[in-house]
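Data first, discussion second: the structure below is written as C-alpha cells.
Chain identifiers are assigned alphabetically (A, B, ...) following the order of the sequence lines, protein sequences preceding nucleic acid strands; residue numbering begins at 1 within each chain.
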Amino acid sequence: MNPDLQKERAGASFNPELLTNVLDGSPENTRRRREIENLILNDPDFQHENLNFLSRSQRYEVAVKKSAIMVQKMRKFGIADPAEIMWFKKLHLVNFVEPVGLNYSMFIPTLLNQGTTAQQEKWLHSSKGLEIIGTYAQTEMGHGTHLRGLETTATYDPETQEFILNSPTVTSIKWWPGGLGKTSNHAIVLAQLFTQGKCYGLHAFIVPIRELGTHKPLPGITVGDIGPKFGYDEMDNGYLKMDNYRIPRENMLMKHAQVKPDGTYVKPLNNKLTYGTMVFIRSFLVGESARSLSKACTIAVRYSAVRHQSEINPGEPEPQILDYQTQQYKLFPLLATAYAFQFVGAYMKETYLRINEDIGHGDLSELPELHALTAGLKAFTSWTTNTAIEACRMACGGHGYSHCSGLPNIYVTFTPTCTFEGDNTVMMLQTARFLMKSYDQVHSGKLVCGMVSYLNDLPSQRIQPQQVAVWPTMVDINSPDSLTEAYKLRAARLVEIAAKNLQTEVIHRKSKEVAWNLTSIDLVRASEAHCHYVVVKLFTEKVLQIQEKSIQAVLRRLCLLYSLYGISQNAGDFLQGSIMTESQITQVNGRIKELLTAIRPDAVALVDAFDFQDVTLGSVLGRYDGNVYENLFEWAKKSPLNKTEVHESYKHLKSLQSKL
Amino acid sequence: MNSEHPEPDCQQERRLQCQSSPWPRGERAEAPRQRAQGEGSTGGAAIASTECVLCGWTPPSSWSAPAVWLEATHLASLRQSQAMEGNPVHRVSAGDAWSSSMHPDIESERHSQSFNVEELTNILDGGAQNTALRRKVESIIHSEPELSLKDNYFMTQNERYEAAIKKKFHILMLAQRLGWSEGSSELQYASRSVSGDLGFAIHHIFQKTIRSLGSEEQIAKWDPLCSKFQILGTYAQTELGHGTYLQGLETEATYDAATQEFVVHSPTMTAIKWWPGDLGRSATHALVQAQLICSGARQGMHAFIVPIRSLDDHSPLPGITIGDIGPKMDFEHTDNGFLKLDHVRIPRENMLNRFAQVLPDGTYVKLGVPKSNYLSMVVVRVDILLGEVLPLLQKACTIAVRYAVIRRQSRLRPSDPEAKVLDYQTQQQKLFPPLAMAYAFHFVANNLLEFFHHSYSFILDGDFALLPELHALSAGLKAMLSDFCTQGVEQCRRACGGHGYSKLSGLPSLLTRVTASCTYEGENTVLYLQTARFLIKSYLNTQKSPGSALKGSLPQSVAYLTAPDLARCPAQTAADFLQPELYTTAWAHVAVRLIKDSVHHLQTLRQAGADEHDAWNQTTVIHVQATKAHLYYVTVKIFTEALEKLESQPAIHQVLKRLSDLYALHGILTNAGDFLHDGFLSGAQIDMARKAYLDLLPFIRKDAILLTDAFDFTDQCLNSALGCYDGHAYERLFQWAQKSPTNTEGNPAYEKYIRPLLQGRRARL
C-alpha cells in the first residue's frame with residue numbers, strides 16, 4: 001500500500017464501510033454484491049484482457065466471448081434477480097457494453113409489451129436463451145428524436161399475407177442499433193405501416209436479417225457495422241437497409257394494433273405502458289451518471305493523493321497535489337455531485353418501482369410527473385457528469401490523457417448518454433412542457449402537487465418577474481433546508497419568466513409552435529433550475545435520514561458544498577431574483593473554501609466508499625493500493641507496440657536518412 | 001509581493017517548460033523564423049517557367065511532376081481562381097462523385113450572400129496572396145494519394161504512426177523538389193492541409209534547443225546532422241513522477257573527471273522520462289534534462305545530448321531502456337515514449353554549454369542566463385494557438401453548422417416540413433457562441449503574435465521591459481483559448497447528436513486532439529496563476545504612488561486598471577448592449593473589481609499572520625477567477641479593435657460585429673453573477689443584455705454557412721462525412737461506413753462464439 005494513501009485512510013473521520021452500506025441500500029446488499037463480484041474475480045474463466053491494447057475488432061470479439069460465458073455462468077450461479085444480474089454485469093463487463101445487450105434490454109421487453117401470447121410463445125424462449133439474437137432498430141440515418149419522421153415503410157400485401165419492408169431513401173437506412181452490425185440475426189424494426197392504401201403510423205415488426213446456420217445477410221437485406229466511433233468499441237452498432245423485403249403477417253407485433261389477413265387495420269386501445277419502459281430506462285440512466293462520475297472521482301482523488309508536485313512552501317518536500325486549493329476546487333464539488341446523483345439515482349429507482357405498482361393497479365396519475373422528471377433529470381445529470389468526467393481527467397494532468405488512467409474510456413463510454421434515449425435538449429424541453437402546463441394550471445386556479453408544488457406559492461398578482469424581490473431573503477447559508485428554499489425560489493422565478501416570455505411570444509407570433517421555439521432557451525433554463533432544485537432537495541432529505549452521526553456529518557458537508565457551489569456558479573440567478581444579496585454571495589464563496597478544507601481529510605475515504613473493484617475502474621492511476629508509478633511502467637511495457645525493440649517502421653527512417 | 005517577483009524569473013519559466021513536456025507538439029519550431037522572414041516568401045512561385053495560360057499559376061522550376069498529376073492540380077487551382085472572381089468557392093476534390101451536385105439545403109444557404117466570403121477568407125489568411133498560396137499548396141498536397149487522411153479513422157495506433165512517418169517523408173521529398181525551405185509558409189500550409197498528422201515534430205524542437213542552448217561548436221556539429229535527418233532527436237524533460245516543477249526532476253548527470261564523461265542515470269522509478277514525442281520508436285538521440293552533479297555539488301538542470309539508439313540497426317544502446325508509453329486518447333501518430341538510463345556515459349562535450357560549462361577538471365562555470373530559452377517557450381505557446389488549437393475549433397464549427405442545415409428534425413409548425421435543426425433556437429444557442437469564439441480567437445491569436453514580434457525586436461536589443469507582459473499574456477491566453485476551444489469543439493460534437501459520436505464525423509478526433517492542449521505546454525491552472533501574479537503585481541504598482549506618473553508606464557494590457565471606472569452601467573435599452581464601448585467597459589469593470597478582490601483576500605490573510613505561500617495557496621481560486629475575467633476583457637477588446645480596422649469593408653464589418661457582440665454578451669450572461677454582484681448591472685439590465693443576445697441569433701443564422709465557408713477548409717482537410725462542402729452528409733456516411741474493416745474483413749467472433757450460442761435454434765424455429 002502506498003504510504004500516502006495509507007495515511008489518508010488512517011486519518012478519515014468515518015468508516016467508509018458504513019457509507020458503502022448506505023449507498024448499497026443495506027449491509028446485506030453490500031455483502032451480496034461483493035459475493036457476486038468475488039464469483040467473477042475468483043473465476044479463471046473471467047480473465048480480463050487489457051482492452052486498451054486490443055484493436056476494435058478484438059474488443060468486439062472479447063465482448064461476444066464474455067456474453068457467451070456469462071449466459072452459462074449466471075445459470076450456474078443461479079443469478080436471476082434483476083439487481084443481482086446488474087451487479088454481475090457491472091463488474092464483468094466493465095463498460096457495461098455488450099453486443100447482445102439489446103436482445104435483453106429492448107428485443108425481449110418489446111416482445112413482452114407488444115407481442116401477442118402466440119408471438120411470445122414463438123419467440124420469447126429462443127431469444128432468452130440466445131438461440132436467436134435480436135436487436136431493436138428504430139433510429140434512422142436522417143431521423144432520431146422525432147419518431148413520426150421515420151421513413152422506413154411496411155406495406156401489407158393481402159395476396160400473400162406478407163408485409164413488404166422497404167428503405168426508400170439513404171436517410172431511411174436504420175443506423176446505430178447496437179448488435180445490429182455483426183451479431184444479431186433478428187431485429188424488431190419500427191416502420192410506417194401502410195395497408196389498404198393508407199398510412200397508420202409507426203408499428204413494430206420482427207424481421208429476420210441473417211440466415212440461421214450461415215449468419216449471412218438474407219436476400220434483400222443490406223446490413224453492416226457503422227464504422228469506428230468515439231467509444232463503444234465493443235459494440236457493433238449497425239446499419240440496415242431493406243429492399244422490398246417480405247415477412248409474414250404474423251411478424252407484426254399485434255398485442256395492441258392489428259392487421260387482419262384481408263388488410264383491415266384494427267386500432268390499438270390506449271396504451272401507456274410503453275411510456276413506462278421509457279421512464280425506466282431514463283431513471284436507470286440517472287443512476288449510470290452517478291456511477292460513471294463516482295468512478296472518475298475515485299481515480300482523480302486517489303491519484304491526487306499519490307502525486308506530489310511543486311511546492312507550496314519553499315524548502316519543504318513537494319506536497320500532494322490534493323493539498324492545492326485549485327485542485328480541491330476542481331475535484332470536491334464533483335465528488336459532492338457524485339454523491340448527490342447517487343442518491344437521486346436511488347430515489348428514481350424506488351419511485352419507478354412504486355409507481356410501476358400503481359400502474360399495475362391501473363393508477364396512472366403519477367406517470368406524467370415522473371415522465372417529465374426522468375426526462376429532465378436524465379438530461380441534467382448526464383450533462384453535468386459529461387463535463388465532470390472530463391474535468392477529473394484534466395485534473396490528472398498529462399497522465400490523464402493516457403489510456404492508463406482509464407478516464408478517456410469512462411468519458412467516451414458515458415458521453416453518448418447525452419444524446420441517446422432522447423437528446424438532452426429535447427428532454428429538457430419535455431420537462432419544460434410539463435412545467436408550463438403546471439404553471440397554467442396554477443393560474444387557472446387549480447393546485448398542482450409533487451415536485452412542482454412550489455408553483456402554488458406564486459401569487460398570481462406578481463406580473464413582473466422583478467417583483468419576486470419582495471420574497472423574504474433570509475437564506476441561511478449553513479442550513480441545507482434554507483438553501484433548498486433558495487433553489488426553489490430560483491426555479492419558481494425562472495419557470496415564471498419562461499411562462500411569461502412564452503405568453504408574450506404567443507401574442508406576437510400568433511403561432512404557438514413558433515413562440516415555443518423562440519422561448520426555448522428560457523424554457524431549458526427553467527427546466528435546469530427545476531432539476532437542480534430537485535437534486536438539492538433530494539440530497540438534503542437523504543442526509544436527514546442518515547442515523548450514523550459520523551456519516552451524517554460528512555454527507556452534510558458534501559450536501560452543503562453541492563448546494564453552495566451551485567449558487568456560486570449561478571450567482572446571477574440568485575442575485576437577479578433577489579434571492580440572495582451580494583454579501584451573501586461573498587459569504588457563500590468563503591464558506592465553499594472552508595468546506596474544501598473540511599472535506600480534504602475525508603476525500604480518499606469518500607471515494608473508497610464507492611467500493612469499486614480495481615478491474616471496474618480499469619485505471620492504473622486509480623488503483624486502490626496507490627502503487628501508481630511501478631504499475632504504469634509495467635502497463636506501458638505490455639503495449640503491443642513494444643513487442644519488438646526495433647519497430648518495423650524503421651525502414652522508413654532508414655530510407656529517409658539515405659535520401660536526404 | 002512585489003519584491004519577491006521582480007520579473008517572471010527563469011526559475012518560474014523553467015518550471016513551466018518542464019510542464020510543457022515535449023509531447024504533442026505541432027509544426028511550430030520553425031515559426032519565429034518563418035514569421036520573421038515575412039509571409040510573402042513563397043519559395044517556388046517567383047520562378048517563372050511554365051505559366052498556366054488559364055489562371056496564371058506557375059509551378060516551380062524544380063518541379064517535375066507527371067502530366068496527369070499536373071492536370072489534376074491545375075484543375076483544382078483553376079476552380080479556386082474562378083472562385084476568386086466571385087463565384088462560391090467549391091472546395092471539393094476532383095473526381096469526387098458528389099462534388100458536382102450541391103445538396104439543395106446547403107445551396108440555399110449560399111444563395112444570397114450578405115458579404116463577400118472570399119474577402120473574409122483573405123482577411124483570415126492575412127491577404128489575398130496568402131490565400132492563393134495556401135490553396136496552391138493544398139491542391140498539391142491533396143493530389144498526392146500518399147498524403148490522404150481518408151483511412152485515418154480505420155487505422156490502428158501502429159498504422160497511424162507508420163503513416164505519419166511516411167507522410168513526413170513524402171512532404172520532405174516534395175519540399176526538396178519544389179524548393180520549399182525549412183520554416184517556409186508552404187511547409188506550414190502543407191502541415192495544415194494534412195492536419196499536422198506528421199512524424200518528427202519533436203525532432204525540430206531538439207534541433208531548435210541545440211541552436212539556443214548550444215555553443216557555436218556544438219551547433220556546427222549537430223545542426224547539419226539534424227537538417228539532413230542523419231540523426232533523429234527528441235526532447236526528454238518530463239518524468240513519470242514530475243511535470244510542472246522542474247527542480248523536482250530526478251534524472252542525474254554526474255561528471256567523472258577521470259574519463260571526462262557524464263554518467264547519466266535514472267535513480268528511481270519516478271525518474272523515468274515519460275511522454276516525449278518521437279522517443280518511443282523513432283529518435284536516435286535525446287536531449288535529456290538532468291540534474292548536473294560535478295565535484296560533488298548539485299548545479300541544477302542542464303541539457304545533455306544522449307545517443308539512445310544505434311545508428312546502424314536502430315536497436316537501443318547499452319544502458320538504455322526505451323519504448324512507447326502505450327495507447328492515449330489521441331496523438332496516435334506520435335510515438336510518445338519512456339526512457340530509463342542506467343549509468344549511461346556520454347562525453348563531456350555533450351552537455352549544451354552556451355550558458356554553463358563543466359571544465360575538464362570538473363569545475364562548473366556559469367556563463368549567463370538563458371533568456372532565449374524563455375522566449376522560445378513564449379513562441380511555442382503563441383504558435384500552438386494558431387497551429388494546433390484554433391483550427392480545430394474552426395473545423396468543428398464548420399462541420400456542425402453545415403450538418404445543422406442538412407439535418408432536418410421535427411417540425412416548427414405542424415403544417416411545415418421537418419425543419420433544419422439550425423432553425424431551432426436551442427441549436428443556435430449551442431453553435432453560435434463557439435462560432436463567435438472561432439472568429440474572436442483568430443484576431444486574438446494574431447494580435448498576440450504581433451505583440452510578440454514587437455517585443456522580440458526590443459528584446460534582441462537587450463530591452464526586456466516588455467517581457468513580463470508578454471509572458472503573462474501568452475500564458476493566460478494559451479490557457480483561456482485552449483479551455484474554450486476544447487469546450488467549443490465538444491459542444492459542436494454534441495450538437496450533431498448521435499452522428500457526432502461516430503468517428504466518421506471527424507469530431508471525436510478533433511476533440512481528443514484539442515483537449516491535450518489544456519495540459520501540454522503548461523497545465524492551464526498553473527498558467528492562469530502565472531498571469532495572476534502579473535496582474536497582482538501590476539495592480540500593486542498602481543497603488544504605490546496614486547495619481548503619479550507611474551500610470552503611464554503600466555503595461556498596455558493592464559492599463560485599464562487605472563482607467564476611470566463607472567459604478568453603474570449606463571445602458572437603458574437592449575440596443576445599448578450592442579455598443580462595443582459599453583460591453584468592453586463592463587468587462588473592464590468586472591476584471592478590475594475581481595483583481596482588487598483578489599489582492600484584498602491575499603492581504604487580509606497576510607495581515608492575519610498567514611505565511612506568504614500558504615496565503616497564496618488559500619487564495620488561488622479567486623486569483624483564477626480574476627484572471628479569467630481579465631482575459632475575457634482582453635479578448636473582447638482585441639476583437640472590437642480589430643473590427644475598427646475593417647470599417648472600410650462595411651458588409652464584413654457588420655457580420656463580424658454581430659459575432660463580436662455575441663461573444664461579449666455571451667460572456668456577460670454566463671457570468672451574470674459577477675456583473676450583478678456590486679450592482680454594476682441591474683437585474684433589468686441583465687434582461688436587456690439577454691434580449692440583445694437572443695435578437696442577434698437570427699441575424700447570425702442567415703450568415704452561418706458563409707461564416708464557416710470563409711474558414712476555407714478543404715473537404716480532405718476536414719475529413720468529415722458530415723461536414724463536406726456539398727452537404728451530402730448521409731451518402732458519405734453510408735459510403736464510408738461500408739469501407740470500415742469491420743465490414744470488409746471477416747467476423748471471427750461468429751465462428752468462435754456466436755455460432756455455438758445459436759445452436760439448437762433449428763429445433764424451435
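In this structure, the portion of A/Ile173 lying under 4.5 Å from any heavy atom of chain B is its side chain and not its backbone. Contacts between B/Ile272 and chain A at a heavy-atom distance below 4.5 Å involve the side chain alone, from C-beta outward. Contact annotation for A/Ser520: both backbone and side-chain heavy atoms come within less than 4.5 Å of a heavy atom of chain B. For A/Val170, the part lying under 4.5 angstrom from a heavy atom of chain B is the side chain only. Using a 4.5 Å cut-off between heavy atoms, A/Asn386 contacts chain B through its side chain alone, with no backbone atom that close. Only the side chain of A/Lys330 comes within contact range of chain B, with heavy atoms under 4.5 Å apart. Looking at A/Phe420, neither its backbone nor its side chain comes within 4.5 Å of chain B, counting heavy atoms on both sides. In this structure, chain B has heavy atoms under 4.5 Å from both the backbone and the side chain of A/Asn313. Neither the backbone nor the side chain of A/Lys512 comes within contact range of chain B; no heavy atom of the residue lies under 4.5 Å from a heavy atom of that chain. A/Trp516 does not touch chain B: none of its heavy atoms, backbone or side chain, sits under 4.5 Å away. At a 4.5 Å heavy-atom cutoff, the contact between A/Thr183 and chain B is made by backbone and side-chain atoms alike. Using a 4.5 Å cut-off between heavy atoms, A/Thr139 makes no contact with chain B at all. Using a 4.5 Å cut-off between heavy atoms, B/Gln618 contacts chain A through both its backbone and its side chain. Only the side chain of A/Glu318 has a heavy atom closer than 4.5 Å to any heavy atom of chain B. There is no contact between B/Leu669 and chain A, counting heavy-atom distances below 4.5 Å. In this structure, chain A has a heavy atom under 4.5 Å from the side chain of B/Tyr750, while its backbone stays farther away. Proximity to chain A (any heavy atom under 4.5 Å) is restricted, for B/Val624, to the side chain, taken from C-beta onward. Heavy atoms of A/Glu390 lying under 4.5 Å from chain B belong exclusively to its side chain.
Listed for the B/Tyr501 side chain is a donor-acceptor partner under 3.5 Å among the backbone atoms of A/Gly231. Distance alone, capped at 3.5 Å, places no donor-acceptor pair between the A/Gln576 side chain and the B/Ile686 backbone. Formation of a donor-acceptor pair under 3.5 Å by the A/Tyr401 side chain with backbone atoms of B/Thr512 is found in this model. The closest donor-acceptor contact from the side chain of A/Asn517 to the backbone of B/Tyr424 lies at 3.5 Å or more, if one exists at all. Between the B/Asn617 side chain and the A/Gln325 main chain, a donor and an acceptor come within less than 3.5 Å of each other. Looking only at distances, a side-chain donor or acceptor of A/His399 sits under 3.5 Å from a matching main-chain atom of B/Leu240. Judged by distance alone, with hydrogens and angles left aside, the side-chain atoms of A/His403 form a donor-acceptor pair with the main-chain N or O of B/Lys328 at under 3.5 Å.
Atoms CG and CG, on B/Leu676 and A/Leu575 in that order, are 5.5 Å from each other to the nearest 0.5 Å. Separation of atoms CG (A/Leu632) and CZ (B/Phe338) is listed at 10.0 Å; rounding is to 0.5 Å. Remark: B/Met329 CE to A/Tyr411 OH distance equals 7.0 Å, nearest 0.5 Å. Atom CZ of A/Phe230 sits about 9.5 Å away from atom OG of B/Ser505, to the nearest 0.5 Å.
Between B/His623 and A/Thr326, the side chains place no donor N or O within less than 3.5 Å of an acceptor N or O (distance only, hydrogens not considered).
Contact of the B/Thr156 side chain with the A/Arg56 side chain is not registered, since no non-hydrogen atoms from C-beta on lie closer than 4.5 Å. Contact of the B/Arg494 side chain with the A/Trp383 side chain is registered, since non-hydrogen atoms from C-beta on lie closer than 4.5 Å. Counting heavy atoms from C-beta outward, B/Pro327 and A/Ser402 have side chains that stay 4.5 Å or more apart.
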Margin query: Applying salt bridge (Lys or Arg N to Asp or Glu O under 4.0 Å) to B/Lys752 and A/Glu61, what does each step give before you reach the verdict?
Written below: CA-CA 9 Å; B/Lys752 286 192 212 161; A/Glu61 193 177 324; 2.4 Å; yes
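No other option in B/Tyr730, B/Tyr528, B/Phe675 has as many heavy-atom pairs under 4.5 Å with chain A as B/Tyr730. The candidate with the highest count of non-hydrogen atom pairs below 4.5 Å against chain A, out of B/Lys739, B/Lys340, B/Arg690, B/His601, is B/Arg690. With chain A as the partner, the residue from B/Gln429, B/Lys166, B/Arg408 showing the most heavy-atom pairs under 4.5 Å is B/Gln429. Here A/Thr415 is the residue among A/Asp423, A/Thr415, A/Asn52, A/Thr222 with the most heavy-atom pairs under 4.5 Å with chain B. The greatest number of non-hydrogen atom pairs below 4.5 Å with chain A, out of B/Arg411, B/Arg493, B/Lys430, is found for B/Arg493.
Within 6.0 Å of the NZ atom in A/Lys593, the count of heavy atoms belonging to other residues, nucleotides or ligands exceeds 12.
Classification of B/Arg407 and A/Glu140 as a salt-bridged pair fails, no side-chain N sitting under 4.0 Å from a carboxylate O.
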